[in-house]
Every structure is written in structure tokens, then in C-alpha cells.
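Lettering of chains follows the sequences in order, A, B, ..., and the numbering in each one begins at 1. What you are looking at is a predicted structure, and each value in this text was computed from that prediction instead of being measured.
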Amino acid sequence: MSKPHGTISRRLTWMNMLVSTVALIIAGVAFAAYDLATFRASIVRNLSIKAQMVGSHSVTALLFNDPAAAEETLAALRASSDVIRAQVFTPDGRVFAAYSRDGSPALPPPQIPPGLTEVSEFDASSVYLARVIVSDGKPVGIVRIRADLQEMYDRLARYALIEISVLLVSLAGALLVSRVSQRAISRPLAAVAAVARQVSQDKDYAVRAPHVETPYELAVLVDSFNAMLLEIQQRDRSLQDAQAQLEARVRERTEELHASNSELEAFTYSVSHDLRAPLRHITGFATLLHQHAGASLDDQGRRYLTTITDAAARMATLIDDLLAFSRMGRANVSKRRVELSQLVREARDEVSADVNGRRIAWEIHDLPPVDADPSLLRPVLVNLLSNAVKYTGTRNEARIEVGTESRAGELVVFVRDNGVGFDMAYAHKLFGVFQRLHRADEFSGTGIGLANVRRIIQRHGGRTWAEGALDAGATFYFSLPSQGGAS
Amino acid sequence: MTAIRRRSLAAAAALLAICVSTSEAQSPPRGEYEIKAAYLFTFARFVEWPARSDRDDSSFTICVLGTDPFGAALDTTLADAVIRGRKVGARRIAAAEAATGCHVVFVSASEERRMAATISSLTASGTLTVSDAPKFAERGGMIQFVTAANRVRFEINLMSARDAGLTMSSELLRVASAVRNGSGPAE
């Protein structure tokens with residue numbers, strides 16, 4: 001926003017100048033017109049006086065037929081530089097005497113309407129005046145004088161010169177005065193404009209336009225503008241305060257959350273760890289009791305012992321899983337390029353060990369390499385495949401499919417089976433800790449596996465979800481960010 | 001009033017007719033004495049007379065002393081003529097002593113023999129003396145007609161006029177062919 005031509009200050013100055021100019025020109029023209037009219041009248045009056053004098057001094061010359069005396073009288077007009085021709089006529093229109101400056105041509109006899117003693121007329125360069133010479137109440141001749149208008153034109157030129165000088169001086173004066181007087185308007189406006197520009201550029205609401213007393217409208221404008229700025233400034237400050245408070249509260253809560261989370265994990269870890277020692281004793285002593293007194297026990301006693309041993313083993317597994325889950329919260333993810341197809345094959349071989357001659361049709365598609373931590377991705381695949389194997393146990397022929405879909409910014413891996421499936425109404429519970437959709441005696445499991453899967457995938461920056469229907473199979477998905485995508 | 005004005009207009013018309021006719025040919029076309037008669041009348045307009053008890057100032061009288069050279073011209077010229085609102089009349093007189101009541105006396109050339117006495121007598125009685133006698137002005141006459149280049153002009157003896165108590169307009173002096181300030185040759 002460089003300073004443009006159309007500032008208020010300039011506008012006001014121009015307006016003032018224009019008004020002054022127009023006023024001066026109108027006044028000047030009016031004065032000149034009035035003066036010229038007056039001057040013309042005075043020219044006629046002067047000429048009339050000359051004609052009267054010539055006339056009165058020509059009476060005897062006319063009466064005594066003495067043209068020489070009349071010419072002598074006319075010659076006195078030499079003193080008047082504007083008279084270029086003068087003639088005395090006899091009443092019947094003949095030239096009686098003449099005077100000529102610079103050989104000006106003869107004048108025709110004038111036509112004076114009856115009842116008038118004097119007529120005057122103007123042309124472009126001259127004024128003509130004719131007057132009846134009267135003696136003792138009777139016309140004895142006519143005098144006619146032609147004078148040039150040089151003086152009038154000189155006067156006109158002088159007028160023009162004066163007018164132009166006055167115009168220039170007045171304009172200079174008007175410029176000065178308007179410079180000073182328009183400050184009362186333009187200065188506050190310019191100040192408001194500057195402040196507005198500063199506000200919009202720097203977002204600085206602390207600036208204020210200087211207060212003015214007059215003119216009233218500008219005072220209102222400036223004060224309202226300042227009030228607006230104050231309002232904005234206050235809101236801005238309270239907004240910043242609220243934001244700062246909010247941030248502080250979030251930080252506080254996050255810290256609290258972190259603290260309680262790590263507390264919880266530490267607790268889980270230590271509890272799980274501490275539970276293993278008594279469990280080892282239970283398993284160990286149950287085994288010793290079986291060796292030592294197994295033969296002396298009846299069938300029921302041996303069955304109790306077996307139950308104790310099984311329960312202890314299941315509890316050990318549970319504790320291991322919990323420890324693994326807990327560790328996952330703290331473990332570092334070190335990504336690298338991993339052959340997904342190889343990982344899937346290894347996971348399939350691992351879970352196939354428990355199949356015991358079941359018929360399973362594996363369908364594993366071509367799988368692209370991924371960026372992941374293989375030590376973490378493996379348990380994910382093992383978990384999902386073992387789930388698939390587990391929940392297809394009731395099928396004559398189990399079908400398990402592993403494949404990928406490429407979506408915007410991520411690679412989606414899915415594991416599909418034709419097992420018992422689940423009710424989609426409970427899909428949101430699938431990945432929670434200790435959340436089971438089937439009874440433990442139907443399908444074995446600790447209820448930690450899928451929670452662990454979700455945790456690992458989340459730490460890779462991906463998502464987990466599942467689709468399925470009761471008795472119609474299930475599909476479990478997880479996504480990994482694409483190479484070069486978000487880490 | 002209306003009648004007077006009408007008469008004066010008529011007189012002016014007559015005068016103008018003379019002026020026009022004289023300027024027309026630059027020489028006296030109608031008789032020399034017709035012009036002189038008109039001049040006699042016109043002189044009176046540029047001369048002021050002092051009031052005198054033996055003269056009736058309610059009218060204006062032009063007298064001819066001696067043999068009248070004008071014939072009918074004078075009476076024709078003066079018919080209905082008015083000077084400063086006064087009627088103008090003409091009289092013929094035989095001697096200077098009979099000039100009482102005359103404002104202007106034209107001294108005919110026939111009075112040559114008694115000229116000096118006539119002039120001094122008329123001057124003493126405050127009368128304007130006019131003549132076309134040679135050396136009339138030089139001898140103390142007030143206005144003397146002279147004819148030069150076929151034009152009727154006149155000389156003035158201002159001193160005589162002053163002696164008679166008459167005041168002559170400077171305009172009249174201006175058109176005189178010569179103005180004397182006493183007896184003797186013109187200046």
C-alpha cells in the first residue's frame with residue numbers, strides 16, 4: 001500500500017484550489033465586464049465632452065463661415081491620443097472642417113435621429129460619436145469624432161494580467177491555507193488509516209489513533225475505532241489466556257496420564273513377575289507329588305493333580321502374555337525392510353504344529369515387502385494365523401487366506417477365514433484386553449492376543465479392525481504406513 | 001411662447017440657409033450685402049451691451065446710418081429674427097445723433113466725410129459700430145467688413161468696443177480676420 005494519488009489530503013487541496021479558481025475567475029470576469037461597461041460609458045462621456053467643446057468653439061466659425069477657425073479648434077484634439085478623426089459638418093451634411101491623425105479616412109455624415117442631440121456607436125476598433133452643434137437653441141452644425149479603443153484594449157490586457165497574477169497569488173495562498181486548514185480533516189483520517197494498516201499487517205492491537213476534538217464526525221470515528229481496537233485487544237488477551245490455561249491443563253493431564261500409565265505398567269510387570277515364583281512352586285511340587293505319591297493315589301486323586309498342573313500351566317501362559325503385553329508398551333520399534341511373505345510362511349509353519357491332521361487350505365497371495373520391526377510383526381502374524389486356525393476348528397475343511405490391499409498412503413494386510421465368525425455388534429470389543437467373544441471352554445486363549453496386536457500395529461503407526469458375521473467367517477485387517485509415507 | 005419659438009426657428013433656418021449657401025461656393029453667391037446683413041444680426045449674439053436709460057432693451061434695434069446699401073436684404077434677414085428672446089428691428093437714420101435706442105449702427109460709406117465725429121459719437125453712446133468703409137477699424141470703428149478672396153471677413157477694434165462699454169465674446173474675436181487693440185495699424 002504505497003501512497004496513492006487519491007489521498008484525502010490531495011482531494012481536499014484540489015477541491016479548495018478548484019473552488020478558489022472558479023470563484024476568482026467568475027469574480028474577475030464580472031469585475032472586468034462591469035469595469036469595461038463603465039469604461040465604455042466613460043469613453044463615450046469623454047468623447048461627448050470633447051464634441052461639446054469642439055462644437056461650442058465652432059459656432060462662430062460656422063456662423064461666420066470660417067472653416068480655418070473650425071480646423072484650428074479641431075486641431076486641439078491632437079492632445080487626445082485616442083482621437084483619430086474629427087469632422088465638423090454643416091447641418092445639411094457637408095464637411096466644413098476636418099482633423100485627421102495618421103491620415104485616417106474621411107467619415108460619412110452621421111445620421112442623427114430627430115429629437116436626439118448625440119449618438120454613439122462602437123465597432124471592433126473604434127467608437128464614433130456625433131453631436132449636434134447648437135447655438136442659441138438652433139442647430140448650426142454637427143461634429144463627429146472617431147476615437148480608437150486602444151486604451152480600452154490596453155485596459156483589458158492589463159485586467160487579464162492582473163487577473164492572472166491575482167489568480168496565481170490567490171492559488172498559492174489558497175494552497176497554503178488549505179494545507180493548513182485541511183489538516184484538521186486529513187490528519188486524523190491519515191492517522192486512522194495508518195493505524196488500521198498497522199493493525200491488519202502486524203496484528204498489533206495495542207496501537208491507538210490520536211484523539212481529535214473536531215470535526216465531530218472524525219472525533220466519533222477515531223474514538224469508535226480506538227474503542228474497537230481496545231475491545232479486540234481485550235478479547236485477544238483473554239483468548240490467549242484461555243489458550244495458555246488450556247495448554248497448561250492438557251500438559252498437566254498428559255503428565256498425570258503418563259505417570260499413572262507407567263505406574264500401571266510397572267505394577268502389572270511386577271505383579272506378573274512376582275506371580276511366577278509361587279506358580280513355579282505349585283507346578284514343581286504338583287509334579288513331585290505325582291512322582292512321589294502317584295501310585296498310591298486313586299484315579300480321582302490323580303485327576304485333581306492333573307487339573308492343578310494344567311491350571312498352573314495356563315496361568316503361566318497368561319502371565320507370560322501379560323508380561324509380553326506390558327513389555328510392548330515400552331519396547332522400541334526399530335523399523336527396517338522386511339519380507340512379509342517370509343514372515344507369513346514362518347508364522348504358518350509355527351501354527352501348523354498344533355493342527356493334528358486337520359485339513360486346512362492355505363491361500364497366501366503375493367505379498368510386498370514392508371517397513372516394520374520383524375521381532376514385533378512376527379507375533380502379530382502368529383496371533384492372527386493361530387486365531388484363524390483356532391476358530392476354524394469346527395470346519396471339515398478350513399480355508400485361510402492371507403493377502404494385501406494397497407490404499408491411499410497405507411498397505412492393508414488381511415487374514416480371512418471361514419470359521420465361526422462373530423457378531424459385528426461386538427466388533428469394537430475384539431481388540432480389548434481380556435475381551436473374549438467365546439467361552440474359554442469353547443476356544444482356548446488368554447484374551448490378550450488381539451490387544452497385543454493392536455498395540456504393536458499402533459506403535460508402527462497403523463490401524464486394526466475386523467469384519468465378520470456369526471458362523472460366516474471373519475476377516476482381520478491391519479494397516480502399515482506405505483514406504484515414504486508418514487512414519 | 002410657442003409662437004416665439006416658431007419664429008426663432010424660422011430665423012435659424014434662414015441663417016443656416018445663408019451659411020450653407022456661402023460655404024457652398026466659397027464666394028458670396030447672393031449679394032454681398034445679404035451676407036453682411038446676416039453678419040450684422042449674428043454679431044449681436046456675441047456682444048453684450050451695458051444697460052442704458054435712453055435705450056429700450058426689451059427689443060433689439062439695428063440701425064443703418066446714411067445711404068442704405070442693403071436694400072430689402074436687411075429687412076428680409078431680420079424678419080421674425082430674435083436675439084436672446086428679443087425681437088429685432090431695423091431703422092434707417094440720417095445722422096449719428098438720431099442713433100439713440102440703436103444697439104448696432106451700420107455706418108454707410110456715404111458718411112465718409114463725417115466719419116471721425118460719427119465714430120466718436122456712436123462710441124460714446126455705447127453703440128456697436130459696423131461699417132465696410134476702408135480703414136474703419138483703424139479709425140476707431142468697432143467692426144469693419146473686409147472682402148478677401150471673394151469672402152466676407154471682418155476686423156475688430158477691441159479698444160473701441162471697450163471704450164463703448166461693450167463686451168465681445170472671445171469666440172467672435174477668434175473668427176475675426178484681425179483684432180486691433182487701439183487706433184493705428186492692425187497687429
**Message:** Taking the ring of A:Tyr159 and the ring of A:Phe31, is the distance between their centroids below 6.0 Å?
**Reply:** no
**Message:** Could you check whether A:Phe89 and A:Phe96 have their ring centres less than 6.0 Å apart?
**Reply:** no
**Fill in**
Whatever's closer than 4.5 Å to a heavy atom in chain A on B:Phe154 counts as side chain
**Asked** Who passes ring-ring contact (aromatic ring centres under 6.0 Å, His included) against B:Phe136, sequence neighbours left out?
**Response** none
**Request:** Report the relative orientation of the aromatic rings in B:Phe106 and B:Phe145; use parallel for angles under 30°, tilted for 30 to 60°, perpendicular for over 60°.
**Result:** tilted
**Request:** Please check if any side-chain donor atom of B:Ser121 sits under 3.5 Å from a side-chain acceptor atom of B:Glu97, or the reverse.
**Result:** no
**Asked** So, A:Gln52 versus A:Ser56: side-chain donor-acceptor pair below 3.5 Å or not?
**Response** no
**Prompt:** Taking the six-membered ring of B:Tyr33, is NZ or CZ of B:Lys36 closer than 6.0 Å to its centre and within 45° of its axis?
**Reply:** yes
**Request:** Please list, in residue-number order, every residue in residues 162-173 of chain B that has a heavy atom less than 4.5 Å from any heavy atom of chain A; write 'none' if there are none.
**Result:** B:Glu171, B:Leu172
**Message:** At a heavy-atom distance under 4.5 Å, which candidate from A:Asp66, A:Thr60, A:Thr73 has the highest pair count against chain B?
**Reply:** A:Thr60
**Part of A:Ser135 lying under 4.5 Å from any heavy atom of chain B** = both
